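Fair warning: this is a prediction, and the values are worked out from it, not measured in the lab.
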Amino acid sequence: MLKKAQHYHAKEIVDVIKKSIFSCIADHKNNQELIDAWIANKTEKNLKKWILENHCYIYLLDQNIVGFYCMSPYGELFLNYVLPNFQHKKIGSQLLIKLIQDCQKYQIKKIYLESTLTAFNFYQKNYFRMTSSIKENDEIVAYAMELNNFNSI
């Protein structure tokens, strides 16, 4: 079940985000410094603020949060996570459908994001277009992507 995220969901959302990040081994290669940097701003305090200022939804299964997204009022999808045990079960796709409905409701014409290496295929399968690759030390670490044709989903 999809539900609008509330400030009191923040602690459980942080847990979902951290567990998802830990599973993105292709991105951090189990390097604890990279993991720590990635999760540094994923705090309960920040989540509460982001939930108040953005379009954020949770996916509930048996009253537990298993997925979450947060998009700015301008179409930047800056958080999109599903618990590892629930990935590849259409939860991410259902969150994406809700995200597009929000865009249509709020007249947002384009969704843009930085995809992890892990999530790249998910976004590509859902019609996001890569606009550039993001490199660090000559190695691709992420992809800038966008979706502006909401009818394709």
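Put simply, Leu52 and Leu47 are part of two different groups of oily side chains (I, L, V, M, F, W, Y) that touch within less than 4.5 Å, one to the next. Hydrophobic cluster membership differs between Ile25 and Leu83, with clusters built from Ile, Leu, Val, Met, Phe, Trp and Tyr side chains linked at under 4.5 angstrom. Both Val14 and Ile39 are assigned to one and the same hydrophobic cluster, defined by single-linkage of ILVMFWY side chains at heavy-atom distances under 4.5 Å. Tyr112 and Leu95 fall into different hydrophobic clusters, where Ile, Leu, Val, Met, Phe, Trp and Tyr are joined by side-chain heavy atoms under 4.5 Å apart, directly or via other members. No single ILVMFWY cluster, assembled from side-chain heavy atoms under 4.5 Å apart, contains both Leu60 and Tyr8.
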* In sequence, state the C-alpha distance, the side-chain angles, and the governing distance for Lys98 and Tyr69, and then conclude on side-chain contact (heavy atoms from CB on, under 4.5 Å). => CA-CA 10 Å; Lys98 178 61 182 154; Tyr69 80 74; 3.6 Å; yes
* To do: Test salt bridge (charged side-chain N to carboxylate O under 4.0 Å, His left out) on Asp15 and Lys19 and set out the steps.
  => CA-CA 6 Å; Asp15 187 52; Lys19 285 178 180 174; 3.1 Å; yes
* To do: Quick one: do Tyr81 and Ile13 satisfy side-chain contact (heavy atoms from CB on, under 4.5 Å)? Show the steps, please.
  => CA-CA 9 Å; Tyr81 292 97; Ile13 292 168; over 6 Å; no
* List the steps and the verdict of side-chain contact (heavy atoms from CB on, under 4.5 Å) for Leu79 and Lys42. => CA-CA 10 Å; Leu79 297 171; Lys42 306 327 187 268; 3.7 Å; yes
* To do: Would you please test Leu147 and Asn126 for side-chain contact (heavy atoms from CB on, under 4.5 Å) and show each step?
  => CA-CA 9 Å; Leu147 177 69; Asn126 285 286; over 6 Å; no
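Nearest heavy-atom pair, Thr43 versus Asn46, reported as atom, atom and distance to 0.1 Å: OG1-N, 3.1 Å. The two residues Lys48 and Ala10 make their nearest non-hydrogen contact at CG-CB, 3.6 Å. Closest heavy-atom contact between Asn80 and Leu77: ND2-CD2, 3.9 Å. Scanning all heavy atoms of the two residues, the minimum distance from Thr116 to Trp38 falls at CG2-CZ2, 3.5 Å. Closest non-hydrogen pair, Met145 versus Gln124, comes out as CE-N, 4.0 Å. Summarising the geometry of Phe86 relative to Leu61, their closest heavy-atom pair is CE2-CD2, 3.4 Å, with the distance given to 0.1 Å.
A donor-acceptor contact shorter than 3.5 Å is absent between the side chain of Asn54 and the backbone of Cys56. Using modelled atom types, no side-chain atom of Ser115 and backbone atom of Tyr143 make a donor-acceptor pair closer than 3.5 Å. The backbone N or O of Ser20 lies less than 3.5 Å from a partner atom in the side chain of Ser23, making a donor-acceptor pair.
Within 6.0 Å of atom NZ in Lys4, more than 12 heavy atoms from other residues, nucleotides or ligands are found, so the atom counts as buried in its surroundings. Lys29 NZ: more than 12 foreign heavy atoms inside a 6.0 Å radius. Other residues, nucleotides and ligands contribute over 12 non-hydrogen atoms within 6.0 Å of the CD atom of Gln32. Counting non-hydrogen atoms of neighbouring residues, nucleotides and ligands closer than 6.0 angstrom, the OH atom of Tyr74 reaches no more than 12 such neighbours.
Screening Val16, Val66, Ile65, Asn64 against Tyr59 for a side chain to side chain contact (heavy atoms under 4.5 Å, CB included) leaves a single residue, Val66.
Going from atom CG of Asp102 over to atom OH of Tyr57 covers 5.0 Å, rounded to the nearest 0.5 Å. Separating the CD atom in Gln104 from the CG atom in Leu99 is a distance of 10.0 Å, to the nearest 0.5 Å. Note that CZ of Phe68 is 5.0 Å distant from CD1 of Ile51, once rounded to the nearest 0.5 Å. Atoms OG and CD1, on Ser132 and Ile140 in that order, are 10.0 Å from each other to the nearest 0.5 Å. Atom NE2 of His55 is separated from atom NZ of Lys105 by 9.0 Å, given to the nearest 0.5 angstrom. Taken to the nearest 0.5 Å, the CG atom of Leu96 stands 7.5 Å off from the OH atom of Tyr123.
You'll find the side chain of Glu12 stays beyond 4.5 Å of the side chain of Ile58, heavy atoms only.
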